[in-house]
Amino acid sequence: PAPPLTRPPVAVRRLTASATYVAAGLALGEEYVVATAAEDPGSGVPYGIEAIRPLMPDLDDFAGTYQAEGTAFLVAECDGAVAGGVGLIRYDAAACEMKRLWVREPFRSRGIARALSLAVIEEASALGYDRMLLDVVPHRTAAIRLSRSLGFADADPIHDYPFPMVPMALDLADTRPSYASSSAGS
């Protein structure tokens with residue numbers, strides 16, 4: 001019989017000011033742009049890097065965006081390599097926004113997106129936010145399923161994009177204890 005499958009250990013760390021971590025975070029953000037630009041033109045998402053990149057101003061000053069007060073960028077490491085990342089930015093005094101959840105292809109289907117999501121929810125709670133917002137293109141059904149499984153529900157749009165998005169929100173005040181305990185082993 002085949003040995004049981006085990007998940008590799010995943011370490012999720014907050015991006016620091018070190019050039020190495022900033023470069024890793026920016027590389028993940030740029031990979032996100034390239035993948036988004038390469039998606040099916042029939043999806044309603046503008047096709048090509050030139051159309052997508054202007055919609056992601058956080059990548060213009062990555063360190064400034066994700067190291068400002070009330071923000072963070074988390075990086076997941078697995079098997080000694082950077083596997084993925086996720087950002088958190090301030091939306092308003094009570095709400096933050098999850099940005100650029102991305103897991104590199106060789107690390108997918110290992111629970112890393114869930115680990116990153118749980119960690120960024122914890123980070124948002126620790127920073128004092130009451131609500132987390134996100135939006136995702138409709139054809140990224142796995143991301144939508146993951147978000148819903150974490151308690152995100154449909155919400156009002158938070159940005160004016162030239163294509164359809166699925167805006168979602170999570171009330172952090174109602175979930176703080178359960179997220180802290182559910183991700184302890186991540």
Side-chain angles (χ1 to χ4, degrees), residues 10 12 25-60 62 65-66 71-76 83-92 94-125 129-172 174-175 178-179 182-183 186:
V10 176
V12 178
L26 185 56
L28 289 166
E30 292 292 345
E31 288 174 28
Y32 181 95
V33 171
V34 170
T36 302
E39 289 175 346
D40 178 15
S43 67
V45 175
Y47 191 67
I49 292 173
E50 298 79 20
I52 294 293
R53 189 62 175 76
L55 301 173
M56 301 176 178
D58 54 306
L59 300 179
D60 293 335
F62 187 86
T65 298
Y66 291 108
T71 69
F73 195 88
L74 308 179
V75 176
V86 64
L88 173 132
I89 61 170
R90 182 181 192 274
Y91 183 75
D92 62 28
C96 63
E97 184 180 356
M98 183 192 300
K99 303 287 280 184
R100 317 278 169 255
L101 176 61
W102 183 249
V103 176
R104 290 179 164 156
E105 188 70 37
F107 299 100
R108 294 190 182 158
S109 300
R110 297 185 186 192
I112 294 170
R114 178 172 289 279
L116 282 164
S117 296
L118 289 168
V120 81
I121 289 167
E122 282 185 29
E123 185 73 22
S125 183
Y129 291 110
D130 295 322
R131 187 169 166 91
M132 178 175 273
L133 310 169
L134 64 80
D135 49 28
V136 61
V137 290
H139 61 273
R140 288 188 175 158
T141 56
I144 293 169
R145 276 193 312 275
L146 171 62
S147 298
R148 290 194 195 291
S149 77
L150 295 171
F152 283 87
D154 292 336
D156 292 332
I158 54 176
H159 299 290
D160 186 24
Y161 289 111
F163 48 86
M165 295 293 280
V166 177
M168 303 174 87
L170 175 68
D171 184 349
L172 297 172
D174 290 344
T175 59
S178 64
Y179 282 107
S182 67
S183 63
S186 296

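The analysis underlying the following values was restricted to heavy atoms, covering all of them including side chains, and did not include hydrogens, waters or symmetry mates.
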List in chain and number order the residues that pass side-chain contact (heavy atoms from CB on, under 4.5 Å) with Ala76, two or more places apart in sequence or in another chain; answer none if no residue qualifies.
Val10, Val12, Ile112, Leu116

Nearest heavy-atom neighbours spanning Val137 and Met165:
CG1-SD, 3.4 Å

Would you say Thr65 and Thr71 make side-chain contact, with heavy atoms under 4.5 Å?
no

Determine whether Leu134 and Ser147 make a side-chain contact, defined as any pair of heavy atoms from C-beta on separated by less than 4.5 Å.
yes

Residues passing the side-chain contact (heavy atoms from CB on, under 4.5 Å) test with Leu146, sequence neighbours excluded, are Leu101, Ala113, Arg114, Ser117, Ser149, Leu150

Arg148: what forms a side-chain contact (heavy atoms from CB on, under 4.5 Å) with it, not counting sequence neighbours?
Ile144, Asp154, Val166, Met168

CG of Asp135 to CE of Met98: how many Å apart, nearest 0.5 Å?
11.0 Å

Is the shortest heavy-atom distance from the side chain of Leu26 to the side chain of Phe73 under 4.5 Å?
no

Glu31: what forms a side-chain hydrogen bond (donor to acceptor under 3.5 Å, both in side chains) with it, not counting sequence neighbours?
Trp102, Arg104

Qualifying residues under ring-ring contact (aromatic ring centres under 6.0 Å, His included), relative to Phe107, sequence neighbours excluded:
none

Could you tell me which non-hydrogen atom of Leu88 sits nearest to which non-hydrogen atom of Cys96, and how far apart they are?
CD1-SG, 3.7 Å

Output for pair (Asp171 CG, Tyr129 OH), nearest 0.5 Å, gives 15.5 Å

Is there a side-chain contact between Phe62 and Arg100 in this structure, where contact means two heavy atoms from C-beta onward sitting under 4.5 Å apart?
no

Sequence neighbours left out, what passes side-chain contact (heavy atoms from CB on, under 4.5 Å) with Ala95? Give chain and number order.
Tyr91, Asp92, Arg131, Leu133

